[in-house]
Amino acid sequence: MKIATWNVNSLKVRLPQVLDWLETHRPDVLCLQETKLEDAAFPAAQIRAAGYHPLFSGQKTYNGVALLSREKAEMLATAIPGFRDEQKRVLASDVGGVRVVCVYVPNGEAVGSDKYRYKLDWLAAFTRWMKREGEHCPGLVLAGDVNIAPEPRDVHDPALWEGRVLHSEPERRAFRALLDAGFRDSFRLFPQPEGSYTWWDYRMNAFKRKMGLRIDHILPSETLAKRCKSCVIDKTPRAAERPSDHAPVVAEFDEP
DNA sequence: ATGGTAGAAACTCTA
C-alpha cells in the first residue's frame, strides 16, 4: 500500500500537476493540504476520471484538506473532537484496512504570535485525539503538512533556523509528543540523503539554492511502522513550472 | 533590519 501526502497550495492551480502525478505514481492514497477550495468547487469529476475517489473538507481562500483513494474510503471525521476550530485542517478516513488521517497543522506565523499559540494549542488537541485513536486502532497513519522540522538535520541552516517558527523548541517538543503518542517518523526508518527537505520558500531562489525544510511527514503508528518498507520525497514537481512550494512525500507499506 | 514570492481576493492576508 502506497500512501502519499502533498501540500498543493491551491488545488485549482495545481490540478493538472496532481492528475499528472497520480498517473505516474498511482498511490493507493494521496492526502492533499491547502486545497483552498470550498466543497462546492472541488474538482470531483476530474479526480474520479483519473480513477480516484475523493473525500474533501474545504473552505474559501485558506486551508482545506482532501483524501484521494483508489478504493472508496469512508469519511470518519473532519474536525478534532471537542476542539473549536473554524479552519478545515483534518480529514480522517478508513481505506484499505488502514485509518488515514490527512492533516494540515497551522503554520504559526512567528514565535510568540497569536497564530503560534493557536498552533501549539491545536497540536496539543490533535495529539490527544491521535493518542486515543491509536489505542483502539493499531493500523493508523498520519500524513500531511505538520509545519515542523523536527531536528537540525531537517533544516538547511540549523543556526539560522534555531528558535524560529517551524523549528522552535516548543514546536519540536510538540512533534516529539506526537511521536510519543505512538507514532514513528517513516522517513527516518531508512537511510536518507543529506539535505532532504519537503518545502522551499518561493522567495530568494530557495529551491535552486537547496534552502529547504522537512516539514511534511508520514507518521505511521508503531504497529503499522513495522510494515513500512520505504519513504521518499519526490522533488520533481517542485522543479516544474508554477510549482507548489511543497514536494510530495510517499511511503510504502507491506500488506499484512 | 527588511524584503524577497505566490495564491486568493480584493487593494490585504496568509504562508
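In what follows, every heavy atom counts, from backbone to side chain, and hydrogens, waters and symmetry copies are set aside. Convention: sequence-line order gives letters A, B, ...; per-chain numbering from 1. Quantities reported herein were computed from a predicted structural model and do not represent experimental measurements.
Only the P atoms considered, B:dA9 is 24 Å distant from B:dG4, to the nearest whole Å. The separation of B:dA10 from B:dA6, taken at their C1' atoms, amounts to 16 Å, rounded to a whole angstrom. For the P atoms, the distance linking B:dC11 with B:dA1 amounts to 32 Å, nearest Å.
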Without placing hydrogens or testing angles, list every side-chain donor-acceptor pair under 3.5 Å for residues 127-135 of chain A, not counting sequence neighbours.
from   : atom 1 : to     : atom 2 : distance (Å)
A:T127 : OG1    : A:L123 : O      : 2.8
A:E133 : OE1    : A:R99  : NH1    : 2.9

Using a 3.5 Å cut-off and no angle test, enumerate the donor-acceptor pairs between side-chain atoms of residues 16-28 of chain A and protein atoms at least two apart in sequence or in another chain.
from  : atom 1 : to     : atom 2 : distance (Å)
A:Q17 : NE2    : A:E241 : O      : 3.3
A:Q17 : NE2    : A:R242 : O      : 2.8
A:W21 : NE1    : A:H25  : NE2    : 3.2
A:W21 : NE1    : A:D234 : OD2    : 2.7
A:T24 : OG1    : A:D20  : O      : 3.0
A:H25 : NE2    : A:D234 : OD2    : 3.2
A:R26 : NH1    : A:A50  : O      : 3.2
A:D28 : OD2    : A:K2   : N      : 2.8

For residues 158-168 of chain A, run the donor-acceptor check on the side chains, cut-off 3.5 Å, and write out each pair with its distance to 0.1 Å, sequence neighbours left out.
from   : atom 1 : to     : atom 2 : distance (Å)
A:W161 : NE1    : A:H156 : NE2    : 3.1
A:E162 : OE1    : A:R172 : NH2    : 3.0
A:E162 : OE2    : A:R172 : NH2    : 2.7
A:H167 : ND1    : A:A149 : O      : 2.8
A:S168 : OG     : A:Y116 : OH     : 2.7
A:S168 : OG     : A:E171 : OE1    : 2.5

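Taking atom CG of residue A:L160 and atom P of nucleotide B:dA1, one finds them 16 Å apart after rounding to whole Å.
Residues passing the salt bridge (charged side-chain N to carboxylate O under 4.0 Å, His left out) test with A:K88, sequence neighbours excluded: none.
Membership of an apolar cluster is not assigned to A:M204, as no side-chain contact below 4.5 Å to another ILVMFWY residue is traced.
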Along nucleotides 6-15 of chain B, 5' to 3', which nucleotides get a B, which get an S, and which get a -, given that the test is a protein heavy-atom distance under 4.0 Å? SSSS---BSB

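The existence of a salt bridge linking A:R176 and A:D185 is excluded, since no basic side-chain nitrogen approaches an acidic carboxylate oxygen closer than 4.0 Å.
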